[in-house]
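What you see is a predicted model, and the numbers here were worked out from it, not measured in a lab.
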Amino acid sequence: MVVKIAAASINHLDSHCRKGVRTPDYYWPRGPSPLPHIPGIDGAGTVVAVGPGVTRLREGDRVVLFCTRGCGACEHCFQGNPALCRDVYIVGRDCNGTYAEFVTAREDHWVPLPESIGFETAAAVPGIYTWAWAAVRKAGLRVGSTVLVPRVNGGVSAAVIQLAKLHGATVFATAEMELMAQRATELGADAVLPLEGFAAELRERTGGRGVDAVFDHVALDWPQLLASLRSAGTLVTWGATGRQMPVERLEQLFYREVIVRGTSTGSSDEFREVLALVRSGRLSPIIDGKIHLSGAADASHRAEGISSFGKILLIP
Ligand SMILES: [Zn+2]
(Lines give C-alpha, C1' and ligand atoms only; values in the text may rest on other atoms or scores of the structure.)
Protein backbone atom coordinates (compact mmCIF):
# COMPACT_ATOMS: atom_id res chain seq x y z
CA MET A 1 0.00 0.00 0.00
CA VAL A 2 1.35 3.44 -0.90
CA VAL A 3 0.42 6.42 1.28
CA LYS A 4 1.03 10.07 0.41
CA ILE A 5 2.34 11.52 3.66
CA ALA A 6 0.70 14.76 4.83
CA ALA A 7 2.62 14.98 8.12
CA ALA A 8 5.29 12.97 9.92
CA SER A 9 6.84 13.49 13.34
CA ILE A 10 10.22 12.97 14.95
CA ASN A 11 10.91 10.36 17.66
CA HIS A 12 14.03 9.44 19.61
CA LEU A 13 14.09 6.10 17.83
CA ASP A 14 14.88 7.97 14.60
CA SER A 15 18.12 9.33 16.01
CA HIS A 16 18.98 5.92 17.51
CA CYS A 17 18.71 4.45 14.00
CA ARG A 18 20.70 7.31 12.50
CA LYS A 19 23.47 6.99 15.09
CA GLY A 20 23.51 3.19 14.91
CA VAL A 21 22.83 2.77 18.63
CA ARG A 22 23.18 -0.92 19.38
CA THR A 23 20.18 -2.61 20.88
CA PRO A 24 20.31 -6.06 22.45
CA ASP A 25 19.48 -8.80 19.97
CA TYR A 26 16.72 -10.11 22.25
CA TYR A 27 14.88 -6.82 21.75
CA TRP A 28 15.47 -6.17 18.06
CA PRO A 29 16.73 -9.36 16.44
CA ARG A 30 16.88 -7.78 12.98
CA GLY A 31 20.06 -5.80 13.70
CA PRO A 32 20.82 -2.24 12.53
CA SER A 33 18.65 -0.40 10.01
CA PRO A 34 19.55 -1.20 6.39
CA LEU A 35 21.45 1.59 4.60
CA PRO A 36 20.71 3.90 2.91
CA HIS A 37 17.86 4.55 5.29
CA ILE A 38 14.89 6.94 5.52
CA PRO A 39 13.88 7.33 9.20
CA GLY A 40 10.44 8.05 10.62
CA ILE A 41 8.03 5.82 12.59
CA ASP A 42 5.12 8.29 12.83
CA GLY A 43 3.10 9.63 9.92
CA ALA A 44 -0.37 10.20 8.51
CA GLY A 45 -1.72 10.75 5.03
CA THR A 46 -3.89 9.46 2.20
CA VAL A 47 -3.83 6.08 0.46
CA VAL A 48 -2.85 6.59 -3.19
CA ALA A 49 -2.30 3.00 -4.37
CA VAL A 50 -3.17 -0.47 -3.15
CA GLY A 51 -1.77 -3.85 -4.15
CA PRO A 52 -3.73 -7.06 -4.81
CA GLY A 53 -3.55 -8.31 -1.19
CA VAL A 54 -5.15 -5.18 0.27
CA THR A 55 -8.74 -5.83 1.36
CA ARG A 56 -9.70 -3.32 4.06
CA LEU A 57 -8.46 0.05 2.82
CA ARG A 58 -8.80 1.73 -0.56
CA GLU A 59 -7.47 4.71 -2.49
CA GLY A 60 -8.48 8.01 -0.96
CA ASP A 61 -8.74 6.67 2.62
CA ARG A 62 -7.17 8.80 5.34
CA VAL A 63 -4.79 6.71 7.48
CA VAL A 64 -2.20 6.91 10.26
CA LEU A 65 0.77 4.58 10.63
CA PHE A 66 1.19 2.11 13.50
CA CYS A 67 4.81 1.27 12.88
CA THR A 68 5.08 -2.02 14.79
CA ARG A 69 4.13 -5.41 13.40
CA GLY A 70 4.80 -8.94 14.68
CA CYS A 71 4.70 -12.45 13.23
CA GLY A 72 0.94 -12.62 13.83
CA ALA A 73 1.15 -16.09 15.34
CA CYS A 74 3.00 -15.98 18.70
CA GLU A 75 1.46 -15.43 22.16
CA HIS A 76 2.33 -11.72 22.16
CA CYS A 77 0.86 -11.09 18.72
CA PHE A 78 -2.35 -12.85 19.78
CA GLN A 79 -2.51 -10.48 22.73
CA GLY A 80 -2.15 -7.51 20.36
CA ASN A 81 1.34 -6.61 21.53
CA PRO A 82 3.68 -7.07 18.54
CA ALA A 83 6.40 -5.06 20.33
CA LEU A 84 7.17 -8.23 22.34
CA CYS A 85 7.19 -10.53 19.30
CA ARG A 86 10.57 -12.13 18.59
CA ASP A 87 10.00 -11.27 14.95
CA VAL A 88 9.03 -7.60 15.55
CA TYR A 89 9.25 -5.41 12.44
CA ILE A 90 9.21 -1.62 12.65
CA VAL A 91 8.52 0.66 9.70
CA GLY A 92 11.11 3.43 9.89
CA ARG A 93 13.64 1.11 11.49
CA ASP A 94 13.60 -2.14 9.54
CA CYS A 95 12.59 -0.47 6.27
CA ASN A 96 12.27 3.12 5.03
CA GLY A 97 10.01 5.37 7.10
CA THR A 98 7.93 8.52 7.06
CA TYR A 99 10.45 11.32 6.45
CA ALA A 100 9.19 11.12 2.89
CA GLU A 101 6.47 12.20 0.47
CA PHE A 102 5.30 8.62 -0.06
CA VAL A 103 5.59 5.53 2.17
CA THR A 104 5.02 1.92 1.16
CA ALA A 105 3.99 -0.46 3.96
CA ARG A 106 1.69 -3.42 4.45
CA GLU A 107 -1.99 -2.77 5.04
CA ASP A 108 -1.85 -4.00 8.64
CA HIS A 109 0.40 -1.05 9.57
CA TRP A 110 -2.29 1.51 8.70
CA VAL A 111 -5.21 2.56 10.90
CA PRO A 112 -8.17 4.47 9.39
CA LEU A 113 -8.22 8.09 10.46
CA PRO A 114 -11.55 9.81 11.16
CA GLU A 115 -12.20 13.14 9.39
CA SER A 116 -12.31 14.90 12.75
CA ILE A 117 -8.60 14.27 13.42
CA GLY A 118 -6.23 16.36 11.30
CA PHE A 119 -3.17 14.77 9.72
CA GLU A 120 -0.78 16.86 11.82
CA THR A 121 -2.50 15.91 15.06
CA ALA A 122 -2.56 12.25 14.03
CA ALA A 123 1.14 12.23 13.16
CA ALA A 124 1.94 13.42 16.69
CA VAL A 125 0.07 10.59 18.43
CA PRO A 126 1.42 7.06 17.79
CA GLY A 127 4.99 6.98 19.11
CA ILE A 128 4.68 9.08 22.24
CA TYR A 129 1.07 8.68 23.26
CA THR A 130 0.72 4.92 22.71
CA TRP A 131 3.83 4.50 24.84
CA ALA A 132 2.49 6.80 27.56
CA TRP A 133 -0.95 5.17 27.51
CA ALA A 134 0.63 1.73 27.89
CA ALA A 135 2.60 3.04 30.88
CA VAL A 136 -0.46 4.57 32.54
CA ARG A 137 -2.55 1.43 32.00
CA LYS A 138 0.15 -0.76 33.57
CA ALA A 139 -0.08 1.29 36.76
CA GLY A 140 -3.81 0.51 37.11
CA LEU A 141 -4.73 4.09 38.01
CA ARG A 142 -8.13 4.92 39.43
CA VAL A 143 -9.87 8.20 40.16
CA GLY A 144 -8.07 9.67 43.15
CA SER A 145 -4.79 7.81 42.57
CA THR A 146 -1.62 9.72 43.33
CA VAL A 147 1.34 9.53 40.98
CA LEU A 148 4.86 10.88 40.59
CA VAL A 149 6.42 11.73 37.22
CA PRO A 150 10.11 12.50 37.91
CA ARG A 151 12.39 14.63 35.72
CA VAL A 152 9.67 15.59 33.23
CA ASN A 153 10.86 16.10 29.69
CA GLY A 154 9.00 16.97 26.52
CA GLY A 155 8.40 13.36 25.48
CA VAL A 156 6.58 10.38 26.98
CA SER A 157 6.71 11.71 30.54
CA ALA A 158 4.78 14.87 29.56
CA ALA A 159 2.18 12.69 27.84
CA VAL A 160 1.94 10.58 31.03
CA ILE A 161 0.98 13.73 32.96
CA GLN A 162 -1.85 14.44 30.50
CA LEU A 163 -3.13 10.86 30.58
CA ALA A 164 -2.86 10.49 34.37
CA LYS A 165 -4.90 13.68 34.76
CA LEU A 166 -7.53 12.18 32.42
CA HIS A 167 -7.74 9.31 34.92
CA GLY A 168 -8.52 11.77 37.69
CA ALA A 169 -5.16 11.25 39.37
CA THR A 170 -3.28 13.75 41.50
CA VAL A 171 0.03 14.25 39.69
CA PHE A 172 3.31 15.24 41.31
CA ALA A 173 6.36 15.89 39.19
CA THR A 174 10.00 16.86 39.47
CA ALA A 175 11.96 18.73 36.80
CA GLU A 176 15.58 19.49 36.04
CA MET A 177 14.81 22.85 34.41
CA GLU A 178 12.43 25.67 35.29
CA LEU A 179 11.03 25.47 31.74
CA MET A 180 10.02 21.83 32.26
CA ALA A 181 8.50 22.65 35.65
CA GLN A 182 6.36 25.35 34.00
CA ARG A 183 5.27 23.04 31.21
CA ALA A 184 4.41 20.26 33.67
CA THR A 185 2.19 22.70 35.56
CA GLU A 186 0.52 23.84 32.32
CA LEU A 187 -0.27 20.20 31.52
CA GLY A 188 -2.03 19.82 34.83
CA ALA A 189 0.60 18.63 37.31
CA ASP A 190 -0.73 19.47 40.77
CA ALA A 191 2.73 20.23 42.17
CA VAL A 192 6.30 20.25 40.91
CA LEU A 193 8.63 19.30 43.75
CA PRO A 194 12.33 20.11 44.13
CA LEU A 195 14.71 17.33 43.07
CA GLU A 196 16.36 17.49 46.47
CA GLY A 197 14.34 15.61 49.07
CA PHE A 198 11.18 15.06 47.04
CA ALA A 199 10.50 11.67 48.63
CA ALA A 200 10.16 13.15 52.10
CA GLU A 201 7.88 15.89 50.78
CA LEU A 202 5.71 13.37 48.93
CA ARG A 203 5.37 11.30 52.09
CA GLU A 204 4.21 14.39 53.93
CA ARG A 205 1.76 15.38 51.19
CA THR A 206 0.25 11.88 51.13
CA GLY A 207 -0.17 11.57 54.88
CA GLY A 208 2.85 9.28 55.20
CA ARG A 209 1.42 6.76 52.73
CA GLY A 210 3.38 7.47 49.52
CA VAL A 211 2.09 7.65 45.95
CA ASP A 212 0.32 4.81 44.13
CA ALA A 213 2.54 4.91 41.07
CA VAL A 214 5.83 6.31 39.81
CA PHE A 215 6.59 6.74 36.08
CA ASP A 216 10.34 6.79 35.54
CA HIS A 217 12.20 7.34 32.26
CA VAL A 218 15.68 8.10 33.58
CA ALA A 219 16.81 5.69 36.33
CA LEU A 220 18.63 8.38 38.29
CA ASP A 221 16.53 8.58 41.45
CA TRP A 222 15.48 5.02 42.24
CA PRO A 223 16.22 5.12 46.00
CA GLN A 224 14.04 8.24 46.28
CA LEU A 225 11.46 6.87 43.85
CA LEU A 226 11.08 3.69 45.90
CA ALA A 227 10.86 5.77 49.08
CA SER A 228 8.08 7.80 47.40
CA LEU A 229 5.94 4.75 46.61
CA ARG A 230 3.31 3.35 48.90
CA SER A 231 3.65 -0.30 49.91
CA ALA A 232 2.50 -2.52 47.02
CA GLY A 233 2.67 0.52 44.72
CA THR A 234 3.83 0.30 41.09
CA LEU A 235 6.97 1.71 39.54
CA VAL A 236 6.67 1.85 35.74
CA THR A 237 9.99 2.21 33.92
CA TRP A 238 10.88 2.79 30.28
CA GLY A 239 14.31 4.44 30.32
CA ALA A 240 17.69 3.84 31.91
CA THR A 241 20.07 6.50 30.64
CA GLY A 242 20.92 7.40 34.25
CA ARG A 243 21.97 3.80 34.96
CA GLN A 244 21.57 4.17 38.71
CA MET A 245 19.80 0.96 39.54
CA PRO A 246 18.98 0.43 43.20
CA VAL A 247 20.84 -2.76 43.97
CA GLU A 248 21.43 -1.63 47.54
CA ARG A 249 17.70 -0.96 47.95
CA LEU A 250 16.37 -4.28 46.72
CA GLU A 251 14.93 -5.06 50.14
CA GLN A 252 12.40 -2.28 49.52
CA LEU A 253 11.02 -4.30 46.62
CA PHE A 254 10.15 -7.37 48.66
CA TYR A 255 9.51 -6.03 52.16
CA ARG A 256 7.14 -3.43 50.74
CA GLU A 257 5.89 -5.66 47.89
CA VAL A 258 6.63 -3.05 45.25
CA ILE A 259 5.65 -3.90 41.69
CA VAL A 260 8.13 -2.92 38.97
CA ARG A 261 6.65 -2.88 35.47
CA GLY A 262 8.68 -2.32 32.34
CA THR A 263 6.86 -0.82 29.40
CA SER A 264 7.72 -0.08 25.79
CA THR A 265 5.93 0.97 22.64
CA GLY A 266 2.42 -0.19 23.55
CA SER A 267 -0.06 -2.37 21.69
CA SER A 268 -2.18 -1.72 18.63
CA ASP A 269 -5.26 -1.69 20.89
CA GLU A 270 -3.65 0.96 23.06
CA PHE A 271 -2.94 3.01 19.95
CA ARG A 272 -6.62 2.83 18.93
CA GLU A 273 -7.69 3.79 22.45
CA VAL A 274 -5.46 6.82 22.56
CA LEU A 275 -6.65 7.84 19.09
CA ALA A 276 -10.22 7.64 20.43
CA LEU A 277 -9.25 9.99 23.26
CA VAL A 278 -7.97 12.49 20.68
CA ARG A 279 -11.11 12.08 18.58
CA SER A 280 -13.31 12.78 21.61
CA GLY A 281 -11.45 16.02 22.24
CA ARG A 282 -10.26 14.91 25.68
CA LEU A 283 -6.60 14.69 24.66
CA SER A 284 -4.55 17.11 22.55
CA PRO A 285 -1.04 16.02 21.62
CA ILE A 286 1.67 18.54 22.48
CA ILE A 287 3.21 19.97 19.31
CA ASP A 288 6.48 21.88 19.52
CA GLY A 289 6.42 23.10 15.94
CA LYS A 290 6.36 22.11 12.29
CA ILE A 291 9.10 22.25 9.72
CA HIS A 292 9.25 21.49 6.00
CA LEU A 293 10.64 18.04 5.27
CA SER A 294 13.70 19.59 3.66
CA GLY A 295 14.68 20.84 7.14
CA ALA A 296 14.61 17.35 8.70
CA ALA A 297 18.27 17.50 9.73
CA ASP A 298 17.86 20.75 11.68
CA ALA A 299 14.56 19.54 13.09
CA SER A 300 16.21 16.35 14.36
CA HIS A 301 18.87 18.36 16.20
CA ARG A 302 16.15 20.53 17.70
CA ALA A 303 14.22 17.44 18.85
CA GLU A 304 17.35 16.13 20.58
CA GLY A 305 17.84 19.42 22.45
CA ILE A 306 17.11 19.49 26.17
CA SER A 307 14.54 22.29 25.84
CA SER A 308 12.47 20.58 23.14
CA PHE A 309 8.94 20.02 24.42
CA GLY A 310 6.38 18.08 22.40
CA LYS A 311 6.39 16.72 18.89
CA ILE A 312 8.17 18.32 15.97
CA LEU A 313 6.25 17.73 12.75
CA LEU A 314 7.78 17.32 9.32
CA ILE A 315 5.58 18.46 6.45
CA PRO A 316 6.48 17.29 2.91
ZN1 LIG B 1 4.61 -12.64 17.04
Side-chain angles (χ1 to χ4, degrees), residues 1-21 23 27-45 63-70 80-85 87-111 113 119-135 154-156 159 217 238-239 263-272 274-275 278 285-288 290-291 293 296-297 299-300 302-304 308 310-316:
M1 233 178 70
V2 182
V3 170
K4 186 177 193 303
I5 294 293
S9 76
I10 296 175
N11 286 278
H12 282 299
L13 179 63
D14 308 340
S15 48
H16 285 192
C17 294
R18 192 178 73 249
K19 293 172 181 172
V21 174
T23 49
Y27 183 47
W28 277 330
R30 293 177 188 276
S33 302
L35 295 173
H37 181 67
I38 300 172
I41 60 169
D42 278 352
V63 289
V64 56
L65 181 71
F66 184 67
C67 67
T68 312
R69 175 182 95 215
N81 197 0
L84 298 183
C85 177
D87 200 24
V88 62
Y89 183 93
I90 300 175
V91 172
R93 202 201 92 88
D94 299 315
C95 65
N96 286 333
T98 56
Y99 291 16
E101 293 171 289
F102 296 92
V103 171
T104 304
R106 267 173 43 168
E107 183 184 27
D108 48 4
H109 280 289
W110 300 100
V111 174
L113 187 62
F119 288 126
E120 294 180 6
T121 300
V125 172
I128 293 286
Y129 283 88
T130 310
W131 194 302
W133 185 239
V156 175
H217 69 105
W238 66 90
T263 195
S264 65
T265 53
S267 68
S268 49
D269 280 353
E270 284 159 341
F271 174 50
R272 284 184 167 82
V274 85
L275 209 54
V278 173
I286 312 163
I287 293 175
D288 190 24
K290 58 180 173 181
I291 294 175
L293 180 58
S300 298
R302 178 169 148 192
E304 288 169 17
S308 170
K311 301 293 289 185
I312 297 178
L313 300 170
L314 294 175
I315 310 297

Nearest 0.5 angstrom please: [X] [atom1] to [Y] [atom2], how far?
X      : Y      : atom1 : atom2 : answer
Ile10  : Tyr99  : CD1   : OH    : 4.0 Å
Leu313 : Leu293 : CG    : CG    : 12.0 Å
Ser9   : Leu314 : OG    : CG    : 8.0 Å
Asp42  : Asp14  : CG    : CG    : 8.0 Å
Ser33  : Ile38  : OG    : CD1   : 12.0 Å

Open item on the list: For the backbone of Asp288 and the side chain of Lys311, can you confirm whether one donor and one acceptor N or O come within less than 3.5 Å of each other?
Closed with: no
Open item on the list: Main chain of Val2, side chain of Thr104: is a donor-acceptor contact present, judged purely on distance under 3.5 Å?
Closed with: no
Open item on the list: Looking at Glu101, I'd like to know if its CD atom is crowded, meaning that more than 12 non-hydrogen atoms belonging to other residues, nucleotides or ligands lie closer than 6.0 Å.
Closed with: no
Task: Within 6.0 angstrom of His12 NE2, more than 12 heavy atoms from elsewhere - done: no
TODO: Begin from the C-alpha positions of Ser268 and Arg272 and carry the test side chain to side chain contact (heavy atoms under 4.5 Å, CB included) through to its verdict.
DONE: CA-CA 6 Å; Ser268 49; Arg272 284 184 167 82; 4.0 Å; yes
TODO: Run the numbers on Val125 and Trp133 for side chain to side chain contact (heavy atoms under 4.5 Å, CB included), then give the verdict.
DONE: CA-CA 11 Å; Val125 172; Trp133 185 239; over 6 Å; no
Open item on the list: Please evaluate residues His109 and Phe66 with respect to the criterion side chain to side chain contact (heavy atoms under 4.5 Å, CB included), reporting the C-alpha separation (whole Å), side-chain torsions for both, the decisive distance (0.1 Å), and the verdict.
Closed with: CA-CA 5 Å; His109 280 289; Phe66 184 67; 5.7 Å; no
